[in-house]
Amino acid sequence: MVKKKAIVYLWTGTGYGKTTSALGAALRQAGHGNKAIIIQFMKGRDYIGEYKIMKRLKPNYQIYQFGRPGWVDIKNPEQKDKDLARKGLEFAYKTIKEKPDLLVLDEINIAVAIGLLPENELLEFLDKVPAETTVYLTGRYAPP
């Protein structure tokens, strides 16, 4: 018997709209009374709109940030950035136990591309996501 896998959407490229698309899907899930969890990698700014709206949409819309307020030097990321990304992935493992309807891993593609997380660890995580959860991966430079 073949085990059913989660559906995974990959939003990548250098243009605009990757996070916006994922947030639209999260808003739609919340509007239907379903649970959407957004985990943002490399972002640590609680004044942005997608973070601020959580106050009104909880518990169906939840957002967690694993980044610092400033920008990550993508050519030379600091250990602090790697540590935050690791915490984000560990949190994602805890999150999938709740079987949310939608899990957004925002900016995970670029986090992997610049070496904050190993690609194989993301792939291992995706294999463990329950079939009931749809996953959106966003960010530039997704590895092939």
Side-chain angles (χ1 to χ4, degrees), residues 1-30 34-55 57-144:
M1 183 171 169
V2 176
K3 181 183 173 202
K4 188 176 176 191
K5 299 274 187 175
I7 295 173
V8 177
Y9 291 92
L10 176 68
W11 295 96
T12 194
T14 57
Y16 174 80
K18 298 172 288 296
T19 296
T20 302
S21 177
L23 292 173
L27 182 64
R28 180 174 281 170
Q29 288 288 339
N34 298 328
K35 189 171 195 173
I37 297 177
I38 301 125
I39 299 174
Q40 292 186 314
F41 293 81
M42 301 173 54
K43 291 181 179 176
R45 299 176 293 279
D46 62 2
Y47 56 84
I48 57 178
E50 65 259 30
Y51 191 89
K52 288 166 60 171
I53 194 67
M54 177 175 52
K55 292 175 188 168
L57 300 178
K58 258 187 165 180
N60 297 75
Y61 175 101
Q62 298 173 29
I63 189 165
Y64 303 91
Q65 296 182 330
F66 293 89
R68 52 193 168 108
W71 299 101
V72 175
D73 180 352
I74 64 172
K75 293 185 181 185
N76 189 23
E78 295 179 25
Q79 185 62 45
K80 174 183 355 181
D81 300 311
K82 292 178 182 180
D83 293 344
L84 285 165
R86 168 82 35 224
K87 286 179 183 176
L89 186 60
E90 289 169 3
F91 184 77
Y93 271 103
K94 292 176 188 171
T95 297
I96 60 173
K97 292 177 184 173
E98 299 175 30
K99 297 184 181 177
D101 298 285
L102 176 66
L103 175 63
V104 176
L105 301 180
D106 187 37
E107 304 298 352
I108 190 78
N109 298 334
I110 191 166
V112 169
I114 67 170
L116 298 184
L117 292 169
E119 180 180 342
N120 67 314
E121 290 186 23
L122 174 57
L123 295 173
E124 287 172 16
F125 170 77
L126 292 174
D127 280 339
K128 292 182 169 91
V129 175
E132 302 89 343
T133 299
T134 298
V135 180
Y136 271 49
L137 307 176
T138 73
R140 297 172 181 230
Y141 315 123

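Since we're looking at a predicted model, the values are computed, not measured.
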Between the side chain of [X] and the main-chain N/O of [Y], is any donor-acceptor distance below 3.5 Å?
X	Y	value
Glu119	Val112	no
Asn60	Asn34	yes
Lys18	Gly15	yes

Can you give me the closest heavy-atom contact between [X] and [Y], atom names plus distance?
X	Y	result
Leu116	Ala85	CB-CB, 3.8 Å
Tyr64	Gln62	OH-OE1, 2.6 Å
Ile39	Gly88	CG2-O, 4.1 Å
Ile96	Lys128	CD1-O, 3.6 Å
Val129	Thr133	CG1-CB, 3.7 Å
Arg68	Asp81	NE-OD1, 2.6 Å

**Message:** For Ile114 and Lys75: C-alpha separation, side-chain torsions, deciding distance, then whether side chain to side chain contact (heavy atoms under 4.5 Å, CB included) applies.
**Reply:** CA-CA 7 Å; Ile114 67 170; Lys75 293 185 181 185; over 6 Å; no
Could you state the interatomic distance from [atom1] ([X]) to [atom2] ([Y]), rounded to the nearest 0.5 Å?
X	Y	atom1	atom2	value
Leu57	Glu50	CG	CD	12.5 Å
Lys87	Phe41	NZ	CZ	13.0 Å
Tyr51	Ile53	OH	CD1	13.5 Å
Lys94	Ile37	NZ	CD1	13.0 Å
Thr95	Leu103	OG1	CG	6.5 Å

Sub-4.5 Å side-chain heavy-atom contact between [X] and [Y]:
X	Y	answer
Tyr61	Leu23	yes
Met42	Asp106	no
Leu117	Ile108	yes

**Message:** So for atom CZ, which belongs to Arg45, do other residues, nucleotides or ligands contribute more than 12 heavy atoms lying within a distance under 6.0 Å?
**Reply:** yes
**Request:** Can you establish whether the number of heavy atoms outside Ile7 located under 6.0 Å from its atom CD1 is more than 12?
**Result:** no
**Item:** Audit row: Thr19, Ile38, side chain to side chain contact (heavy atoms under 4.5 Å, CB included) steps and yes/no
**Value:** CA-CA 10 Å; Thr19 296; Ile38 301 125; over 6 Å; no
**Asked** Sequence neighbours excluded, which residues qualify as ring-ring contact (aromatic ring centres under 6.0 Å, His included) partners of Phe66?
**Response** Phe91
**Prompt:** Salt bridge between Glu132 and Lys35, side-chain N to carboxylate O under 4.0 Å?
**Reply:** no
**Asked** Given Arg140 and Asn109, is the side chain to side chain contact (heavy atoms under 4.5 Å, CB included) satisfied, shown in steps?
**Response** CA-CA 6 Å; Arg140 297 172 181 230; Asn109 298 334; over 6 Å; no
**Message:** With side chain to side chain contact (heavy atoms under 4.5 Å, CB included) as the criterion, how do Ile48 and Gln40 come out once you've worked through the C-alpha distance, each side chain's angles and the decisive distance to 0.1 Å?
**Reply:** CA-CA 12 Å; Ile48 57 178; Gln40 292 186 314; 3.9 Å; yes
**Message:** Can you tell me which residue among Leu102, Leu137, Thr134 is in a side chain to side chain contact (heavy atoms under 4.5 Å, CB included) with Tyr9?
**Reply:** Thr134
